[in-house]
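So that the names make sense, note that chain A is the first sequence line, chain B the second, and so on, each numbered from 1.
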Amino acid sequence: KQEVTQIPAALSVPEGENLVLNCSFTDSAIYNLQWFRQDPGKGLTSLLLIQSSQREQTSGRLNASLDKSSGRSTLYIAASQPGDSATYLCAVSTGTDKLIFGTGTRLQVFP
Amino acid sequence: DVKVTQSSRYLVKRTGEKVFLECVQDMDHENMFWYRQDPGLGLRLIYFSYDVKMKEKGDIPEGYSVSREKKERFSLILESASTNQTSMYLCASGLAGFDEQFFGPGTRLTVL
């Protein structure tokens with residue numbers, strides 16, 4: 001059974017730091033991996049989607065990488081800002097139209 | 001842009017009431033999903049629909065039912081609400097075969 005883990009569960013950094021969020025999965029047979037952002041009390045906003053054939057995706061200050069063979073993905077946030085404070089979730093798909101989510105990393109960026 | 005809307009942001013109901021949560025998407029997606037999200041447990045899939053009138057149980061379907069009479073609308077029904085169904089409910093939609101999901105803003109349900 002596929003399991004998705006995100007470490008750390010919480011992270012607090014000063015503004016301006018570059019940071020890395022980690023996502024690991026137990027079964028490398030994934031279809032794609034998606035990173036989401038969730039603000040308190042709100043829904044999920046899709047940030048990046050990486051297909052299984054891709055190694056990375058970039059959007060602005062965000063870069064997500066995927067290493068299927070080791071069962072890992074990282075979300076790199078450059079020059080963090082207080083507005084980046086949120087919970088970040090990763091989710092993997094095994095091609096069944098359903099996603100399996102990690103429990104998230106709660107990020108706080110302080111001025 | 002894909003838009004997924006949910007009928008209520010906050011809802012307070014009493015134990016035993018019948019509760020309807022509505023979700024509407026405007027992108028002609030075949031797939032629609034209902035999740036609940038609880039601290040420490042993450043997102044758990046309640047039900048999944050892959051076409052009109054078609055549904056599939058998720059990981060935690062007990063105490064819930066769903067209805068999909070039109071492609072754009074997917075309803076979650078709590079037949080007799082209980083306090084352990086207090087949670088954040090999230091709806092999502094996606095194209096069949098693409099495994100990318102788009103989420104609504106969520107409904108925070110409190111059952112007293």
- Between B/Leu109 and B/Leu90, is there a shared hydrophobic cluster once you connect ILVMFWY residues whose side-chain heavy atoms come closer than 4.5 Å? no
- Message: Hydrophobic clusters here meaning ILVMFWY residues chained together by side-chain heavy-atom distances under 4.5 Å, can you tell me if B/Phe103 and A/Trp35 are in one?
- Response: no
- Looking only at heavy atoms, which two atoms of B/Glu100 and A/Ser46 are closest? And how far apart? OE2-OG, 4.2 Å
- Message: Just to verify, what does A/Phe25 make a ring pair (Phe, Tyr, Trp, His ring centres under 6.0 Å) with, not counting sequence neighbours?
- Response: none
- Message: Within the 4.5 Å heavy-atom criterion, are B/Arg9 and A/Lys42 side-chain neighbours or not?
- Response: yes
- Verdict with reasoning, A/Leu44 to B/Leu43, per side-chain contact (heavy atoms from CB on, under 4.5 Å): CA-CA 11 Å; A/Leu44 276 65; B/Leu43 272 82; 4.3 Å; yes
- Close approach to chain B in residues 103-111 of chain A, criterion heavy atom under 4.5 Å: A/Thr103
- Item | Hydrophobic cluster membership, A/Leu89 vs A/Leu19, 4.5 Å side-chain cutoff | no
- Which atoms of B/Gln37 approach chain A - backbone, side chain, both or neither, heavy atom under 4.5 Å: side chain
- Query: If you group Ile, Leu, Val, Met, Phe, Trp and Tyr by side-chain heavy-atom gaps below 4.5 Å, do B/Leu11 and B/Val111 land in one group?
  - Reply: yes
- Item | side chain to side chain contact (heavy atoms under 4.5 Å, CB included) involving B/Asp38 - partner list, sequence neighbours excluded | B/Arg36, B/Leu41, B/Arg44, B/Ser87
- Item | Members of residues 45-75 of chain B whose heavy atoms come closer than 4.5 Å to chain A | B/Leu45, B/Phe48, B/Glu56
- Is it the case that one hydrophobic cluster holds both A/Leu99 and A/Leu47, taking links as side-chain heavy atoms less than 4.5 Å apart, direct or via other members? no
- NZ of A/Lys98 to CD of B/Gln101, rounded to nearest 0.5 Å, is 10.5 Å
